[in-house]
Amino acid sequence: MSDLIKDINFVGEEVDKKAVTCEVKVTDNTAAEGQRKLYIESYGCQMNFSDSEIVASVMQENNFGTTNDVEEADLVFLNTCSIREKAEQTVRKRLTVFNKIKKRKPGMIIGVLGCMAERLKTQLLEEEKMVDIVAGPDAYRDLPKLVGDVDEGDKGVNVFLSRDETYADIAPIRLNSNGITAMISIMRGCDNMCSFCVVPFTRGRERSRDPHSIVQEAKELFEQGYKEVTLLGQNVDSYKWSGEENNKARLEKKEKEEEVEEVVNFANLLEMVAQVSPELRIRFSTSHPKDITDEVLYTMKKYENICKFIHLPVQSGNSRVLDIMNRTYDREWYINRIDKIREILGNECGVSSDMIAGFCTETEEEHKDTLSLMEYVKFDFSYMFFYSERPGTLAEKKFEDDIPEEVKKRRLQEIVTLQRIHSAERNALNVGQTQKVLIEGYSKRSQEHFQGRNSANKVVVFPKGNAQIGAYAHVKVHDCTGGTLLGELVEV
Ligand code: SAM
Ligand code: SF4
């Protein structure tokens with residue numbers, strides 16, 4: 001598995017492996033006697049990991065338990081990512097490995113789920129005969145039927161994108177769980193059309209999940225001992241729900257034409273979840289600069305248990321590039337949002353970003369605008385990528401991918417180097433301060449140390465003393481590295 005992870009953290013082959021991630025997760029071993037065994041390998045973003053928890057739940061209802069050993073599996077699902085080309089290549093390599101195992105175990109069923117499904121279904125099913133099942137992100141309720149089709153000797157395919165599926169009634173099975181932190185999906189799809197991005201094509205239109213089911217899920221997690229939930233969506237600030245309609249586009253049309261009774265926006269939802277318990281921390285991701293409102297910032301300020309951390313991807317610091325990326329904001333707008341965050345939530349609120357180096361036609365001067373924006377904001381952390389053209393996107397149709405790869409990589413390296421300096425500077429601000437930390441488990445390096453995160457999402461490591469996993473601790477920070485704060489317990 002470590003080889004695999006190396007393979008996936010590709011963007012930084014010559015850059016910086018930590019800063020540029022495409023994570024992979026596999027299921028734990030939970031199958032009981034008599035159950036068929038399901039192995040899920042999930043790539044990409046938190047949304048995909050959260051979807052795998054829904055898939056595990058749907059399959060458990062049909063007598064499948066999970067395994068972490070692909071060699072033992074009766075059913076193998078690859079939950080795929082298409083966001084950059086290399087992620088797709090990695091999935092293909094894994095399919096080759098699974099097909100070798102299948103030669104020895106002919107009854108094994110292989111399925112591709114998620115973002116690659118729609119685009120590659122014909123190729124994977126018919127031309128290369130690499131898979132038995134292809135299911136898109138809105139087809140997970142159909143998986144037991146698709147498995148049944150394969151058991152009967154057919155292929156199983158469903159890549160229809162729904163206008164209203166949110167899986168609101170499905171209780172996800174927590175995979176790779178530490179029992180303390182969990183993800184809650186609050187919406188699906190995306191109505192933005194960033195020109196570089198495949199998500200609107202692979203995950204469909206934006207839909208918001210019933211807030212009452214979200215609050216219920218948060219309550220149940222808290223009752224089970226969880227202490228932190230992360231509300232997930234491609235653009236959480238665009239969350240909008242009413243009893244009559246959960247599809248954003250249709251809801252907005254209805255609002256213009258007639259009275260819509262109860263409309264819940266993201267600030268309202270945050271407040272509802274924050275009120276589950278002051279002991280339950282709330283995080284959320286991802287925020288879009290065009291949509292994040294002052295109302296959301298004031299709601300964060302009002303509740304101590306809403307973590308002071310915002311992932312606000314800027315992508316580029318140059319207004320012309322932002323325009324052709326179709327991000328619908330410019331550099332000044334982004335700076336204004338940062339100024340508001342600092343004004344309302346203070347300098348200690350963590351802010352992170354995503355950055356794309358070498359988008360079509362980006363000049364050297366425009367790249368420097370990204371560096372100067374970084375200097376202005378001083379992000380705590382960033383996910384940094386070089387542009388990878390994706391078939392079917394607006395950018396592929398309209399622009400030439402004209403920046404040579406070595407230029408893209410050099411610009412990315414400059415961004416990564418600057419980010420490293422800023423992360424260290426931001427961490428150094430906490431030295432000498434006492435931070436409230438939710439303890440998530442043992443530190444990676446020592447059983448004598450615990451690690452957790454502060455409100456601003458920084459990892460804090462400290463000698464465990466008499467503290468308990470799952471509890472809050474107050475830790476005085478005495479040192480830091482680029483990625484971690486080091487401290488001592490002052491109060492439990
Ligand atoms: N919805 C989020 C947003 O709007 O910021 C992020 C979604 S995407 C899964 C995560 C990140 O991948 C993006 O913010 C962007 O930086 C990066 N990304 C998306 N498409 C890309 C492409 N074609 N090439 C390089 N990076 C890309
Ligand atoms: Fe992609 Fe833009 Fe939607 Fe994010 S907001 S998922 S980058 S289209």
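Atoms within each ligand, like the ligands themselves, are counted from 1 in listed order. Numbering starts at 1 and runs along the sequence shown.
- Of all the heavy atoms of Phe385, the ones lying under 4.0 Å from any atom of ligand 1 belong exclusively to the side chain.
- No option in Ser285, Ser382, Ser352 other than Ser352 meets the side-chain hydrogen bond (donor to acceptor under 3.5 Å, both in side chains) test with His311.
- For atom 15 (C) of ligand 1, the candidate residues are Lys86, Glu396, Gln315; the nearest heavy-atom contact is made by Gln315.
- Residues satisfying the ring pair (Phe, Tyr, Trp, His ring centres under 6.0 Å) test with Phe359, not counting sequence neighbours, are Tyr387.
- Annotation: atom 7 (C) of ligand 1 to nearest protein heavy atom, Gln234 OE1, 3.4 Å.
- Set against the non-hydrogen atoms of Ser388, the atoms of ligand 1 under 4.0 Å away are 22 (C), 23 (N), 24 (N), 25 (C).
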Checklist entry - Between Thr417 and Gln413, is a side chain to side chain donor-acceptor pair (under 3.5 Å) present by the stated rule, with each step listed? => result CA-CA 6 Å; Thr417 304; Gln413 181 63 70; 3.2 Å; yes
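- Not close to ligand 1: Tyr383, with no non-hydrogen atom less than 4.0 angstrom away.
- Applying the 4.0 Å criterion to heavy atoms of His288 picks out, from ligand 2, the atoms 5 (S).
- Considering backbone and side-chain N/O of Glu389, none are found under 3.5 Å from N/O of ligand 1.
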Next on the checklist: Could you go through Thr181 and Arg453, starting from their C-alpha distance and side-chain angles, then the distance that decides it, and tell me whether this counts as side chain to side chain donor-acceptor pair (under 3.5 Å)?
Outcome noted: CA-CA 11 Å; Thr181 60; Arg453 276 172 302 145; 4.8 Å; no
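- With sequence neighbours excluded, the residues that form a side-chain contact (heavy atoms from CB on, under 4.5 Å) with Lys368 are Glu364, Glu365.
- A donor-acceptor pair shorter than 3.5 Å cannot be found between the side chains of Thr363 and Arg320.
- Here's the thing with Phe196: one of its N/O atoms is less than 3.5 angstrom from an N/O atom of ligand 1.
- Side-chain atoms of Ser213 come within 3.5 Å of backbone atoms of Asp210 as a donor-acceptor pair (strictly under, hydrogens ignored).
- Considering backbone and side-chain atoms alike, Asp354 places an N or O below 3.5 Å from some N or O of ligand 1.
- Counting heavy atoms under 4.0 Å from ligand 1, residue Thr286 touches it through the side chain alone.
- Using a distance-only test at 3.5 Å, with no hydrogens or angles considered, no donor-acceptor pair links the side chain of Ser316 to the main chain of Leu322.
- Closest heavy-atom approach to atom 5 (O) of ligand 1 among the candidates Cys194, Gly44, Ser353, Pro313: Pro313.
- Close approach of ligand 1 to Arg390 is summarised as follows: ligand atoms under 4.0 Å from at least one heavy atom of the residue are 23 (N).
- Around atom 1 (Fe) of ligand 2, the protein contributes the following N, O or S atoms under 2.8 Å, ordered by chain and number: Cys197 SG.
- A salt bridge is absent between Asp330 and Lys290; no separation between the charged side-chain nitrogens and carboxylate oxygens falls under 4.0 Å.
- Evaluation of the ring pair (Phe, Tyr, Trp, His ring centres under 6.0 Å) test over residues 193-213, restricted to residues two or more places apart or in two chains, returns His212-Trp241.
- Near Arg327, the atoms of ligand 2 lying under 4.0 angstrom from a non-hydrogen atom of the residue are 2 (Fe), 7 (S).
- Between Asp28 and Arg174 there is no salt bridge, since no side-chain nitrogen of the basic residue lies less than 4.0 Å from a carboxylate oxygen of the acidic one.
- Taking atom 27 (C) of ligand 1 as the reference point, the nearest protein heavy-atom neighbour is Arg84 NH1, 3.5 Å.
- Heavy atoms of Met384 come nearer than 4.0 angstrom to ligand 1 in no pair at all.
- Taking the six-membered ring where tryptophan is involved, the planes of Tyr383 and Phe385 are essentially parallel, since the angle between them stays under 30° and well short of 60°.
- Phe386 O, 3.4 Å is the protein heavy atom nearest to atom 25 (C) of ligand 1.
- Ligand 1 lies out of reach of Asn235, whose nearest heavy atom is not under 4.0 Å from it.
- Evaluated by nearest non-hydrogen atom to atom 4 (O) of ligand 1, the leading choice among Arg327, Met325, Arg203, Glu85 is Arg327.
- Closest to atom 9 (C) of ligand 1, if we only count protein heavy atoms, is Ile83 CD1, 3.5 Å.
- With Asn158 contributing its side chain and Phe160 its backbone, the two residues share a donor-acceptor pair below 3.5 Å.
- Side-chain atoms of Arg188 come within 3.5 Å of backbone atoms of Pro137 as a donor-acceptor pair (strictly under, hydrogens ignored).
- A centroid separation of less than 6.0 Å is found between the aromatic rings of Phe266 and Phe284.
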